[in-house]
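Keep in mind that the numbers below use all heavy atoms, side chains included, and drop hydrogens, waters and symmetry copies. Owing to the predicted nature of the structure, the values given are computational and were not obtained by experimental measurement.
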Number of protein chains: 2
Amino acid sequence: MSRLDRSLIAHMAPFEGLNPTELDRMIGQARALRITKDHAVFDQEQDAHSFFLLLDGYVRVIKTTPDGEEVTVRYISPGELMGIASALGRTTYPASAIAVVDCVVLAWPSGMWSEFASAFPNFGANTYRTVGNRLQDAHARVVEMSTEQVDQRVAHALLKLVRQSGKRTDEGLLIDFPLSRQDIAEMTGTTLHTVSRLLTAWEEQGLVRSGRQKVTVVEPHRLLMLAEGRTEKT
Amino acid sequence: MSRLDRSLIAHMAPFEGLNPTELDRMIGQARALRITKDHAVFDQEQDAHSFFLLLDGYVRVIKTTPDGEEVTVRYISPGELMGIASALGRTTYPASAIAVVDCVVLAWPSGMWSEFASAFPNFGANTYRTVGNRLQDAHARVVEMSTEQVDQRVAHALLKLVRQSGKRTDEGLLIDFPLSRQDIAEMTGTTLHTVSRLLTAWEEQGLVRSGRQKVTVVEPHRLLMLAEGRTEKT
DNA sequence: CGCAGCGTTGATACGATTCAAGGGAGGTGG
DNA sequence: CCACCTCCCTTGAATCGTATCAACGCTGCG
């Protein structure tokens, strides 16, 4: 087993303001795990034994309804914490997390979270800031779902993903992990059929390029116009 | 100006675990304010000078979109904190808060929040628990809006309000503040017309009784069935 | 008394889901 | 290397839930 080094995490937002000694103490307690594509990092309703930091890859956080429908809560990028049930005063995970590509994560026992938070106030504050940001994201999403039409919501979702993981290519900004029509539907509360129709329409207008589990945004600016509803239908 | 006494707040959730001395120190810094019906406690985008505790009344928290639509984020009941922008790492209020009846609130300068949180760890933890709960509420709402039809969302909204402020009357559980069709529409992302139709239909079935800015749930259990979608249309 | 605010109800329109069918690409095993 | 099979995507047609448009009634307050 390779020794974990503080340089792995030093530059990441959750650890901002921690000094090298503190980083060493935290990483000394971490286990590194590989999660292969389509496997769960943690499962909704299960006992929250650990919290996690994503080092590499992408993870989809989903909530499953009693009747089996899945709603995607967010995508996690490298450097983000996940499964921080303890920071929310829970003993159980409120959602499931699935690796969308092969991933590397660090895991700490949940019980350790409050120790870290009090021993390293910056870490606690950083985590709470994360929770605060996610609350604002969630509220923004509620507003979107209450006031926008499906096409605007899909456009917003794509732009959000591009901001999170956009990779410049010669065609435009590629979303850097496999993303199906169904996945987009689960982010926006619609069906894969509607997403498919929207994407083909946008492709004809040159806004995006897309294929099997792959979406490239060609004209972010025009897509944003559409997302903001500032376009008159032609 | 009447002296504020710690007994005002001692029994309220945000102050759980604080001893009398601590309560005195907190309340010593508070100002009590009366907010008359339909007036704002604070405004979206404004500088977050203070955070608040609702002592009496009810407050509606709303987000306004660029094009003027209003979405109700939540209703605040007595004993809840609001405007805790500092706990979210913000310097500005993310929403507006409007008194739906005449209210009494306590206000503290925002800057004092972090002082209190570190001086009285229980207070900090309680606040963060509140933020965590609101995050979960918001996610639950996203799931609802993604998977449920309007009638189920309206039913859920009414049940939530009944749980928060239901007052037993001889007809059933009355929601204890003025609540119009439009208000319900803003909570559920629909229109006042649709809400009106639903309520008259439910009234015919004996599920609710309602009038001008007034809703009474007569049969919470049957309404819950409907909210959970376990009813076959007759 | 009159008006403003809230509520109701019909008719119509439309966005999006649902139902249905088929095509294509990529991976796997023979 | 080819055949097959699975998973993903597309596209048409029918349907339905809800918004929109429109008009009117009621009620309580100033």
Side-chain angles (χ1 to χ4, degrees), chain A residues 36-38 60 67-71 98 100-101 144-155 157-158 175 177-205 208-216 226 229 231-234, chain B residues 36-38 60 67 69-71 98 100 144-155 157-158 175 177-205 208-216 226 229 231-234:
Chain A
T36 52
K37 182 176 173 179
D38 293 333
R60 187 161 50 109
D67 45 82
E69 279 191 275
E70 296 189 344
V71 176
I98 311 287
V100 296
V101 294
E144 266 185 29
M145 303 222 46
S146 299
T147 61
E148 295 179 355
Q149 314 256 79
V150 168
D151 56 348
Q152 296 178 276
R153 302 206 303 267
V154 171
L158 293 180
I175 293 167
F177 49 80
L179 183 74
S180 70
R181 310 293 184 255
Q182 177 67 31
D183 293 332
I184 299 173
E186 287 176 7
M187 299 180 68
T188 51
T190 180
T191 62
L192 72 157
H193 308 278
T194 299
V195 173
S196 178
R197 287 183 233 271
L198 284 172
L199 287 184
T200 56
W202 291 346
E203 186 135 14
E204 278 163 17
Q205 297 172 238
V208 304
R209 302 226 53 202
S210 76
R212 192 190 178 77
Q213 299 191 93
K214 181 168 81 67
V215 180
T216 304
L226 203 157
T231 49
E232 293 319 306
K233 317 282 178 211
T234 47
Chain B
T36 52
K37 182 176 170 175
D38 293 331
R60 185 161 52 110
D67 46 81
E69 277 189 276
E70 295 187 346
V71 176
I98 310 287
V100 296
E144 267 186 30
M145 303 220 50
S146 298
T147 60
E148 296 179 355
Q149 313 256 79
V150 168
D151 56 348
Q152 295 178 277
R153 302 206 304 267
V154 171
L158 292 181
I175 293 168
F177 48 81
L179 182 74
S180 70
R181 309 295 184 253
Q182 176 67 30
D183 293 331
I184 298 172
E186 287 175 8
M187 298 181 69
T188 51
T190 180
T191 62
L192 70 155
H193 308 279
T194 298
V195 173
S196 177
R197 287 183 231 270
L198 285 172
L199 287 184
T200 56
W202 292 345
E203 187 135 13
E204 279 162 17
Q205 298 173 235
V208 304
R209 303 227 53 203
S210 77
R212 193 188 178 77
Q213 298 192 96
K214 181 170 81 68
V215 180
T216 303
L226 204 157
T231 51
E232 294 318 305
K233 318 280 179 213
T234 45

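Per the geometry, CG belonging to D38(B) stands 17 Å off P belonging to dA4(C), to the nearest Å. Q213(B) has its CD atom 13 Å from the C1' atom of dC29(D), to the nearest Å. A straight line from CZ of R181(A) to C1' of dC9(D) spans 7 Å, rounded to a whole angstrom. Remark: P of dC7(D) and CG of D183(A) are 15 Å apart, rounded to the nearest angstrom. Taking atom CG on L179(B) and atom P on dC6(C), their separation rounds to 12 Å, with Å as the unit. Taking atom CD on Q152(B) and atom C1' on dG17(D), their separation rounds to 12 Å, with Å as the unit. Whole-Å rounding puts the L192(A) CG to dT10(D) P distance at 10 Å. Between the C1' atom of dT10(D) and the CD atom of Q182(A) lies a distance of 15 Å, rounded to the nearest Å.
For dC26(D), the base has no donor-acceptor partner in the side chain of R212(B) [N/O atoms by modelled type, under 3.5 angstrom]. For a distance-only test at 3.5 Å, the side chain of R197(B) fails to qualify as a donor-acceptor partner of the base of dG7(C). The base of dT9(C) lies close enough to the side chain of H193(B) for a donor and an acceptor atom to sit less than 3.5 Å apart.
Listed nucleotides dA19(D), dT18(C), dT8(C) differ in distance to T191(A); the shortest reach to its side chain belongs to dT18(C). The side chain of Q149(A) approaches dG15(C) more closely than any other nucleotide in the set dT8(C), dT20(D), dG15(C). Of the candidate nucleotides dT8(C), dT11(D), dC6(C), dT8(C) has the atom nearest to the side chain of S196(B).
Checked options I175(A), L179(A), L192(A), T190(A); the residue passing with I184(A) is L179(A) (criterion: side-chain contact (heavy atoms from CB on, under 4.5 Å)).
A distance-only check finds a donor-acceptor pair linking the side chain of R153(A) to the backbone of T188(A) [under 3.5 Å]. Using a distance-only test at 3.5 Å, with no hydrogens or angles considered, a donor-acceptor pair links the side chain of Q152(A) to the main chain of Q149(A).
In this structure, E203(B) and V215(B) have side chains that are not in contact, with every pair of non-hydrogen atoms separated by 4.5 Å or more.
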Problem set entry | Audit row: S146(A), E69(B), side chain to side chain contact (heavy atoms under 4.5 Å, CB included) steps and yes/no | CA-CA 10 Å; S146(A) 299; E69(B) 277 189 276; over 6 Å; no

